[in-house]
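Note that this is a predicted model, so its numbers are computed, not measured. Quick note on labels: first sequence line is chain A, next is B, and so on, each numbered from 1.
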2 protein chains.
Amino acid sequence: MGHEMSANTDVDVEKRVPLSRDRLLRGAIVVADAGGLGSLTMRSLAQELGVKPMSLYHHVANKEEILDGIIDVVFSEIELPSADPDWRSAMRHRAISARGVLGRHPWATSLMESRTNPGHATLRHHDAVIGVFRCAGFSVAMAAHAYSLLDAYIYGFALQEAGLPFDSKTAPEVAEAILARFPTDEYPYLAELTTEHVLQPGYDYGNEFGFGLDLILDGLEMLQTTD
Amino acid sequence: MGHEMSANTDVDVEKRVPLSRDRLLRGAIVVADAGGLGSLTMRSLAQELGVKPMSLYHHVANKEEILDGIIDVVFSEIELPSADPDWRSAMRHRAISARGVLGRHPWATSLMESRTNPGHATLRHHDAVIGVFRCAGFSVAMAAHAYSLLDAYIYGFALQEAGLPFDSKTAPEVAEAILARFPTDEYPYLAELTTEHVLQPGYDYGNEFGFGLDLILDGLEMLQTTD
DNA sequence: ACCTGAACACCGTTCAAGT
DNA sequence: ACCTGAACACCGTTCAAGT
């Protein structure tokens with residue numbers, strides 16, 4: 001439905017614009033956002049772009065290159081950390097931006113596993129983050145530790161969030177359905193946590209992000225001033 | 001090669017054993033471990049089991065059920081946390097076990113994103129972890145925070161590790177190749193970190209896991225005693 | 001009850017042909 | 001230079017038929 005609408009409204013505009021690598025990648029992200037990574041095929045992408053499947057091969061060598069490309073576009077959407085001397089707030093800001101971007105492209109996090117061909121935006125992003133730590137006085141080894149920890153947390157949280165069977169808003173209904181499916185006495189702690197926490201009004205799994213992020217930043221701050 | 005060997009040595013034994021859901025799932029994990037998730041097809045799995053593709057449908061409804069099933073088998077391989085009153089060491093032990101299991105099945109972490117149908121082993125595992133926190137005196141909300149944080153870190157680290165273009169041992173050669181491909185002056189901090197840290201003899205990315213894990217456990221310990 | 005051959009509607013990709 | 005139709009070797013899955 002949304003897919004068709006986009007094709008209908010844009011088709012006359014897009015028709016005259018010649019296909020380009022950039023337009024191809026943006027189209028791929030639109031398709032993946034709408035229907036998940038499984039719905040992104042050379043044929044579905046071609047249709048989104050108003051072109052035949054074989055035309056795509058004039059702008060990319062194969063589908064692998066598309067996947068590498070859209071990951072790099074996703075990275076380019078994450079705000080670079082500011083050169084603020086306050087590394088903690090720069091890192092906090094950047095972590096929140098990253099989580100937001102990964103939340104808008106739920107297919108992206110799991111795709112990073114198989115991509116070993118980082119693009120320009122990806123490398124520049126990594127460089128900027130490490131730079132903030134180094135300028136704040138972290139040793140090289142400590143910057144590596146900090147970066148590994150922070151990004152593991154961000155990606156892992158995004159992965160968990162993407163895996164939730166509900167969108168944070170409609171949690172209650174679904175949690176209740178899951179709870180009903182398994183015997184409460186077999187998983188007592190899970191049942192307790194679900195009823196007393198997840199099913200409480202106003203619960204939003206997304207809020208858990210800040211807790212972990214601040215705990216990690218606190219720990220890094222302590223190690224740095226102690227060092 | 002390894003695939004063929006397994007088929008050759010086991011085919012006579014496996015032939016007489018009737019196909020079962022259990023044997024099917026174990027076979028699927030063998031195939032995915034050997035060639036990645038992309039190599040796991042109904043046809044390749046059937047061949048591994050010495051059977052025709054259509055026979056599989058007698059034991060599972062479809063491929064989705066296989067994916068749900070192997071994720072649950074992977075969860076069952078992770079050691080449950082001991083009922084040790086020392087929650088910190090129980091959690092540390094369990095985190096290391098989880099990371100090891102995910103490292104042996106690199107395809108598993110990214111698969112968790114799309115699985116919204118947790119099996120028995122998965123639920124029991126979650127229940128046991130939450131139980132350790134509750135028994136150690138964590139509030140329900142605090143147990144939820146702690147679990148979300150720890151698992152985000154574990155999954156995220158496993159995802160990063162799976163995405164490395166090298167296995168930890170052969171890091172130097174590959175890192176050098178990557179470094180050569182991009183201009184050092186464009187990514188100065190990345191270059192510095194690579195040459196002065198990653199390329200040092202004895203570097204193993206896997207060692208970063210302990211740093212983050214201990215920082216997180218320290219933070220949780222402090223919050224708990226303060227509370 | 002368990003297995004299977006043939007067939008269907010899909011994939012990514014190649015190749016030779018069109019403008 | 002850019003696009004494409006037909007074809008190839010694959011997918012997951014259905015259905016009717018075998019033992």
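- Following rounding to the nearest Å, H58(A) (NE2) and dA16(C) (C1') show an atom-to-atom distance of 12 Å.
- Within 6.0 Å of NE2 on H93(A) lie no more than 12 heavy atoms contributed by other residues, nucleotides or ligands.
- Listed by first and then second residue, the ring-ring contact (aromatic ring centres under 6.0 Å, His included) pairs involving residues 99-118 of chain B are H105(B)-W107(B) (not counting sequence neighbours).
- With rounding to the nearest 0.5 Å, the separation of OG in S110(A) from CG in L37(A) is 6.5 Å.
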Pairs counted as Watson-Crick or G-U wobble with both distances under 3.5 Å: what dot-bracket string results for DNA chain C, using | for bases tied to another strand? ||.|||||...|||||.||
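- Distance alone, capped at 3.5 Å, is enough to place a donor-acceptor pair between the Y153(A) side chain and the F209(A) backbone.
- Here H59(A) does not reach the OP1 or OP2 of dC2(D): none of its side-chain N or O atoms lies under 4.0 Å away.
- Among pairs with a residue in residues 37-79 of chain A, those fulfilling ring-ring contact (aromatic ring centres under 6.0 Å, His included) read F75(A)-H125(A), F75(A)-H126(A), at least two apart in sequence or across chains.
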Output one line per pair: protein atom, nucleotide atom from nucleotides 10-13 of chain D, and distance, for all N/O pairs under 3.5 Å.
unit_1, atom_1, unit_2, atom_2, d
dG12(D), OP1, M42(B), N, 3.2
dG12(D), OP1, K63(B), NZ, 3.0
dG12(D), OP2, M42(B), N, 2.9
dG12(D), N7, R43(B), NH1, 2.5
dG12(D), O6, R43(B), NH2, 3.1
dT13(D), OP2, Y57(B), OH, 3.1
dT13(D), OP2, K63(B), N, 2.9
dT13(D), O5', Y57(B), OH, 3.4

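- By the side-chain contact (heavy atoms from CB on, under 4.5 Å) test, A28(B) is found to be paired with L40(B), L45(B), I66(B), I70(B), residues two or more places apart in sequence or in another chain being considered.
- Applying the side-chain contact (heavy atoms from CB on, under 4.5 Å) rule to S148(B) yields the partners F157(A), Q160(A), Y205(A), E208(A); only residues at least two apart in sequence or on another chain are considered.
- In this structure, CG of L49(A) is placed 14 Å from C1' of dC3(D), rounded to the nearest angstrom.
- Rounded to whole Å, atom P of dA1(D) lies 17 Å from atom CG of L19(A).
- Looking at M112(A) and L102(A), their side chains come closer than 4.5 Å, going by heavy atoms from C-beta outward.
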